Protein chains: 2
Amino acid sequence: MRVPEHVIRKRRDEVASLLSQFRYLPVSELCRRLNISEATARRDLAALERERRITRTYGGALSDYNANFPSFRQRQATNAAAKRQIGRAARDLLKPGQTCYLDGGTTPFAVAEALRENPVSPLTVVTCNIPCAELLAPVEALQVYLLGGRFLARQSVLLGDTARRSVGHWHIDVAFLGAEGVTAEGFWNSQEEIIRLQRAAARRATRVVLCADATKLGQRTPFFVLPWSDAVHLLSDASPAQLRAAAVTLPRDHFLRAPEKTP
Amino acid sequence: MRVPEHVIRKRRDEVASLLSQFRYLPVSELCRRLNISEATARRDLAALERERRITRTYGGALSDYNANFPSFRQRQATNAAAKRQIGRAARDLLKPGQTCYLDGGTTPFAVAEALRENPVSPLTVVTCNIPCAELLAPVEALQVYLLGGRFLARQSVLLGDTARRSVGHWHIDVAFLGAEGVTAEGFWNSQEEIIRLQRAAARRATRVVLCADATKLGQRTPFFVLPWSDAVHLLSDASPAQLRAAAVTLPRDHFLRAPEKTP
DNA sequence: CCAAAACTGATTGCCTTCGATCATTTCCTG
DNA sequence: CAGGAAATGATCGAAGGCAATCAGTTTTGG
């Protein structure tokens with residue numbers, strides 16, 4: 001029989017919540033726990049999958065990669081290949097014994113993925129980016145430090161005064177930052193809190209490498225972060241032609257090209 | 001045909017690694033990626049499951065709850081019911097507007113679980129415990145702050161000078177600590193770093209609640225943390241009889257009994 | 001207040017996965 | 001170096017999962 005809309009919503013939320021609690025549940029378990037038929041369970045799973053809230057598997061379903069960090073996962077999917085390229089190139093800028101900083105966002109996360117795949121040893125990693133810290137913590141060659149601060153679930157990142165103060169204690173050899181926009185002047189973001197932390201990290205860093213895929217070129221988002229300088233370079237998969245097309249002209253040697261991956 | 005032992009080990013590590021990368025993979029995917037037959041894949045999965053490194057599902061397998069935090073998951077399983085009880089009782093000690101501290105370990109994690117289930121609103125949570133922070137970050141009613149510090153993957157906890165300094169900035173109403181041993185004198189742990197952080201948190205706290213299930217009673221592990229006092233109480237599922245049996249006699253009113261759960 | 005729309009659970013037939021077994025090949029121990 | 005032990009891939013029957021369909025009931029929207 002038909003059932004009011006709020007009941008459906010509530011039941012589907014319940015399914016999602018059970019999944020995020022147990023990570024994986026077979027369809028039969030869901031039916032048992034919610035007292036619903038398999039048909040309904042499957043329909044709910046299909047709906048939740050359409051909404052990208054879960055991942056179905058044969059026989060059950062999983063809470064999505066990181067149900068806690070929904071936006072992170074989404075952004076991760078966009079332009080993944082370029083980010084991987086950039087991540088590897090970023091890693092290759094590091095030398096053993098150095099200290100690097102990984103900013104929030106998915107492009108710095110790609111640097112972490114590259115480091116996990118092929119670590120620079122030894123290396124100290126400082127970050128405000130929780131997924132990065134988790135990814136790298138088990139890697140023997142690395143010492144991972146997390147900044148303190150307020151935990152923003154949406155961004156899965158630490159922010160606030162505490163984080164800013166916390167980064168002030170470090171000496172950083174290379175800071176890998178992300179941005180939403182890249183222009184000839186420098187790079188841009190849209191949240192003040194993030195920018196303040198980025199600036200604090202940049203102040204502590206000998207070298208700043210702005211990691212941004214080609215789609216960020218020419219975007220000018222609300223707040224300006226930093227201009228290009230001898231210490232601030234751009235690392236991107238963009239071609240020189242793309243740079244010109246977006247009117248992003250950089251001082252000599254301030255552009256590091258992420259080479260095509262060779263599989 | 002039979003194959004040398006190191007090949008098997010390597011292949012199984014590969015399976016585990018693929019799973020921890022993708023979180024879930026269907027058997028068919030594993031076969032394709034590793035060029036092995038389904039039979040072998042299933043045997044590997046069975047072996048990895050026996051070693052508790054993964055979880056099998058119908059049609060595939062998952063990396064274990066937290067492949068990054070193996071020991072955490074293990075400890076979580078022990079005495080789960082008592083921990084849940086303690087967690088709920090701990091939550092009920094909190095009042096809206098307060099600031100609480102959650103220590104590392106699985107018993108404080110149970111407090112986080114209780115808070116997620118039924119949050120005190122509003123509440124500020126300060127923790128060195130990454131799983132706690134992740135669990136609670138999405139809860140609207142809560143502000144979650146993570147201490148800074150070195151990320152220890154084994155314990156999934158933040159430690160070191162930075163963490164200790166970081167906790168020094170807080171005023172904490174109630175600090176929920178964990179322990180490996182509980183005696184009439186006070187409570188005990190076995191890692192100096194952890195103890196230093198616990199003491200630092202206790203110094204900043206108006207009230208310290210030591211959360212320990214009955215199995216910890218009478219254990220005396222290498223290092224002493226703190227004695228019972230007007231500010232330091234024990235919260236446990238143990239019965240008064242169990243306390244006596246373990247020769248844990250506490251000053252009056254220093255023992256909070258976690259009541260049986262009523263489902 | 002009525003009719004159309006929509007949700008549920010049962011059933012059906014098809015497809016996938018599973019574990020067991022077996023012959024074969026290779027390791028490794030004594 | 002010889003023989004037992006062990007791992008592999010193929011095959012097969014059984015078990016379980018899936019989507020589609022259908023009838024029954026309640027909601028929703030006009």
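All of these numbers come straight from a predicted model, not from anything done at the bench. Throughout, a chain's letter reflects where its sequence line sits, starting with A, and its residues are numbered from 1.
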Original post:
Using a cut-off of less than 4.0 Å, is there contact between a side-chain N or O of B/Thr40 and OP1 or OP2 of D/dG9?
Top reply: yes
Original post:
Taking 4.0 angstrom as the limit, do B/Glu113 and B/Arg116 come out as a salt bridge?
Top reply: no
**OP:** Can you sort out the partners of A/Glu14 under side-chain hydrogen bond (donor to acceptor under 3.5 Å, both in side chains), two or more places apart, ordered by chain and number?
**Re:** none
Original post:
Taking CZ from B/Arg11 and P from D/dA7, how many angstroms apart are they, rounded to a whole number?
Top reply: 9 Å
Original post:
Any side-chain donor-acceptor pair under 3.5 Å between B/Arg23 and A/Ser63?
Top reply: yes
Original post:
For the side chain of B/Ile8, counting heavy atoms from C-beta on, which of D/dA7, D/dA10, C/dG9 is nearest?
Top reply: D/dA7
Subject >> Gap between atom CG of A/Leu94 and atom OG1 of A/Thr99 - 0.5 Å precision >> reply: 10.0 Å
Subject >> Integer-rounded Å distance: D/dA10 P and B/Ile36 CD1 >> reply: 12 Å
**OP:** Can you sort out the partners of B/Gln219 under side chain to side chain contact (heavy atoms under 4.5 Å, CB included), two or more places apart, ordered by chain and number?
**Re:** none
**OP:** Using a 4.5 Å cut-off on heavy atoms from C-beta on, say whether the side chain of A/Arg11 contacts that of A/Thr40.
**Re:** yes
Original post:
Rounded to whole angstrom units, what separation is found between the CG atom of B/Leu30 and the C1' atom of D/dG9?
Top reply: 17 Å
Sub-3.5 Å pairs of nitrogen or oxygen atoms, protein against nucleotides 19-21 of chain D:
none

Restricting both atoms to N or O, compile the protein contacts to nucleotides 13-15 of chain D shorter than 3.5 Å, with distance only.
none

Subject >> Evaluation steps, side chain to side chain contact (heavy atoms under 4.5 Å, CB included), between A/Leu34 and A/Asp44 >> reply: CA-CA 12 Å; A/Leu34 300 176; A/Asp44 285 349; 5.8 Å; no
**OP:** Write down the distance between CD (B/Glu29) and P (C/dT17), rounded to a whole number of angstrom.
**Re:** 11 Å
**OP:** Could you please name the option among C/dT26, D/dG9, C/dT8 that lies closest to any side-chain atom of B/Met1?
**Re:** C/dT26
Subject >> Side chain to side chain, A/Ile86 and A/Thr107, heavy atoms closer than 4.5 Å >> reply: yes
**OP:** Would you kindly give the CG-to-P distance between B/Asp44 and C/dG19, to the nearest whole Å?
**Re:** 13 Å
For nucleotides 28-30 of chain D, which of its nitrogen or oxygen atoms have a protein nitrogen or oxygen under 3.5 Å away, and what is each distance?
{"unit_1": "D/dT28", "atom_1": "OP1", "unit_2": "A/Glu5", "atom_2": "N", "d": "3.2"}

Subject >> Separation of D/dT11 P from B/Glu38 CD (nearest whole Å) >> reply: 12 Å
**OP:** Apply side chain to side chain contact (heavy atoms under 4.5 Å, CB included) to A/Pro4 and list each qualifying residue two or more places apart in sequence or on a separate chain.
**Re:** A/His6, A/Val7
Original post:
With the threshold set at 4.0 Å, does a side-chain nitrogen-carboxylate oxygen contact exist between B/Arg53 and B/Asp13?
Top reply: yes
Original post:
With distance as the sole criterion, is a donor-acceptor pair present between the side chains of A/Asn129 and A/Thr127 under 3.5 Å?
Top reply: no
